[in-house]
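Data block below; observations after.
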Amino acid sequence: MVDVTAAARVEMAEIIVNECLCGKAKQLEKAEVDGIRIGLQPDVVTYNTLIAAYCRCVGIDAGYSVLHRMKEVGINPDVITYNSLIAGATRYCLLFECLDLFDEMLEMNILPDIWSYNTLMNCFFKLGKPDEAYRAFQDILLKDISVHSATFNILCNGLCMNGYTENSLMLLRSLKRYGFIPQLVTYNNLIHGLCKSGRGKAAMEFLNELEESGHIPNAITYTTVMTCCFRYRQFEEGLKIFAEMKNKGYTYDVFAYCTVASMLLKTGRITEANEYLGYIVTSGFSLDTVSFNTIVYLYCKEGQLENAYKLLYEAEKGGLESDKYTHAILIDGLCKTGNFQEARQQLNRMSMTGFDSNLVAWNSFINGLCKAGHFDHALQTFESMDVKDSVTLP
DNA sequence: CTAGGGTTAG
């Protein structure tokens, strides 16, 4: 494990970003440049691949800029181009972007296919709009587009995510009667959904069914089950699962590491968390916003706010976008170290970049003020807030 | 090319 002293960290930010920021997108960028140099003309497939990779690794804006680039060189986007962008927008929960892209697609006479609808449906579900998701499903049937097994998986998963666990299980049972064979992803979704809705036992029963029906659990299954353990405070059990996935030779990735590291940070096991995060930094994994957030979380827990900012500055230079978690983690960290003015500034920056309804961040701020005895300021902030929840209340 | 896992307050 690397010895991550405070001094070393300042230098490390740049290294982390240069070595680990989105290796895939960087490779693609290099591939594109190399391809052009040796005289290969990038075609629509090249650009579609780039859009998908940029959306996944960097952000939706990076995807759009590729769209503009391809239009500039006279290559017409196709249904896959738009599907990739819609998927990108869905990844970042940007419903209006999704709908705009859908409209743009229709205006350009590009016919949406099953994946366009699947993704749109998924976006509605992700944003807690099951009724509209269902309407998108009806659209599929109405337009006589042939459904894909993913359509059912998205339906089952969406119902679970929106609190309709029973309906999801019912749907699955009836789909089975019609000959639908649950896939690994179906089981993974169910385990995740059941666990999230507090039904850990039922989740584990589906883990058994998954194995009995001949499927082999993958990294996603393991990460899901591990998260389930941590949720029910079965820390050692979860760590055992992590060890198992490593020992069995399954691909274990940054997802698993971030899960473990966060649990360790939350339970005050900072040194161990440091080891896990040190490992993902030195092992050449390509890191995304969530991984960076987890490292920032570590810095905050250690009170090293300067290093947190340094890292984020470098990450942003590398094209990575902060999200609501980044802001919440920073604001909480600033409050815990008594930097209320900085926290206030961070809240402003957060609102300016479009994360104005980030309750967790505001709650952290108020909580921090209360803990430090600044009750007037806390009350004043509380009254200025438009949206509140049960955590906001003192 | 396009669905599933990971990160924040109390």
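Each chain gets a letter, A, B and so on, in the order the sequences are listed, and its residues count up from 1. Note that the coordinates shown come from a computational prediction; the quantities given were computed from them, not determined experimentally.
Heavy-atom neighbours of A:Gln138 CD from other residues, nucleotides or ligands within 6.0 Å: above the threshold of 12. Surrounding CG of A:Asp43 are more than 12 heavy atoms belonging to other residues, nucleotides or ligands, all under 6.0 Å away. Around atom NZ of A:Lys126, more than 12 heavy atoms belonging to other residues, nucleotides or ligands sit under 6.0 Å away. Enclosure of atom CD in A:Glu306 is not indicated, since only 12 or fewer non-hydrogen atoms of other residues, nucleotides or ligands lie within 6.0 angstrom.
Within the nucleic acid shown, A:Thr151 has no heavy atom closer than 4.0 Å to any nucleic acid atom. Within 4.0 Å of A:Asn48, counting heavy atoms only, lies no atom of the nucleic acid at all. At a threshold of 4.0 angstrom between heavy atoms, the contacts of A:Thr224 are confined to the sugar-phosphate backbone, with no base atom among them. Within the nucleic acid shown, A:Lys126 has no heavy atom closer than 4.0 Å to any nucleic acid atom. Nucleic acid contact class of A:Leu330 (heavy atoms, under 4.0 Å, all strands): none.
Of the candidates B:dG6, B:dG5, B:dA3, the closest approach to any side-chain atom of A:Val254 belongs to B:dG6. Of all nucleotides listed (B:dG5, B:dA3, B:dT7), B:dG5 comes nearest to the side chain of A:His192. Distance from the side chain of A:Ala150 is smallest for B:dA3 among the nucleotides B:dG10, B:dA3, B:dT7. Set against B:dG10, B:dG5, B:dA3, the side chain of A:Asp253 has B:dG5 as its closest nucleotide. Each of B:dT7, B:dG4, B:dT2 was ranked by its minimum atom distance to the side chain of A:Trp115; first place goes to B:dT2. The side chain of A:Val360 lies closest to B:dT8 when the candidates are B:dG5, B:dT8, B:dG6. Minimum atom distance to the side chain of A:Lys336 is reached by B:dG10, of the listed B:dG10, B:dT7, B:dA3. With distances taken from any side-chain atom of A:Ala87 to the nucleotides B:dT7, B:dG4, B:dA3, the minimum falls on B:dA3. Here the side chain of A:Ala328 is nearest to one of B:dG6, B:dT2, B:dT8, namely B:dT8.
If you check distances only, the side chain of A:Thr223 does reach the base of B:dG5 with a donor-acceptor pair under 3.5 Å. Put simply, the side chain of A:Ser364 and the base of B:dG10 share no donor and acceptor less than 3.5 Å apart. The base of B:dG4 does not come close enough to the side chain of A:Asn122 for any donor and acceptor atom to sit less than 3.5 Å apart. With hydrogens and angles ignored, no donor-acceptor pair closer than 3.5 Å exists between the side chain of A:Asn218 and the base of B:dG5.
At the phosphate of B:dT8, OP1 or OP2 sits under 4.0 Å from a side-chain N or O atom of A:Lys266. Between B:dG10 and A:Asn367, a contact under 4.0 Å exists linking OP1 or OP2 to a side-chain N or O. Taking side-chain N and O atoms only, A:Asn188 has no distance below 4.0 Å to OP1 or OP2 of B:dA3. Contact check, A:Tyr297 against B:dG6: no side-chain N or O comes under 4.0 Å of OP1 or OP2. At the phosphate of B:dA3, OP1 or OP2 sits under 4.0 Å from a side-chain N or O atom of A:Arg56. In terms of phosphate contacts, A:Lys324 brings no side-chain nitrogen or oxygen within less than 4.0 Å of OP1 or OP2 of B:dA9.
Using a 4.5 Å heavy-atom cutoff, the side chains of A:Asn247 and A:Glu244 are not in contact.
Rounded to an integer number of Å, the gap from CZ of A:Arg233 to C1' of B:dG10 is 13 Å. Taking atom CZ on A:Phe285 and atom C1' on B:dG6, their separation rounds to 13 Å, with Å as the unit. If you measure from atom NZ of A:Lys388 to atom C1' of B:dG10, you get 18 Å, rounded to the nearest angstrom. We find that CG of A:Leu190 is positioned 12 Å from P of B:dG5, with the value rounded to whole Å. What separates NE2 of A:His215 from P of B:dG5 is a distance of 17 Å, to the nearest Å. For the pair A:Asn293 CG and B:dT7 P, the interatomic distance rounds to 11 Å; values are reported in whole Å. At whole-Å resolution of the value, CZ in A:Phe152 and P in B:dG4 are 17 Å apart. We find that CE of A:Met161 is positioned 11 Å from P of B:dG6, with the value rounded to whole Å.
The structure places CD1 of A:Ile145 at 6.5 Å from CD1 of A:Ile140, a figure rounded to the nearest 0.5 Å. Atom CG of A:Asp113 and atom OG1 of A:Thr119 lie 8.5 Å apart (nearest 0.5 Å).
Between the side-chain ring of A:Tyr325 and the base of B:dT8, no stacking contact exists by the 5.5 Å and 30° definition.
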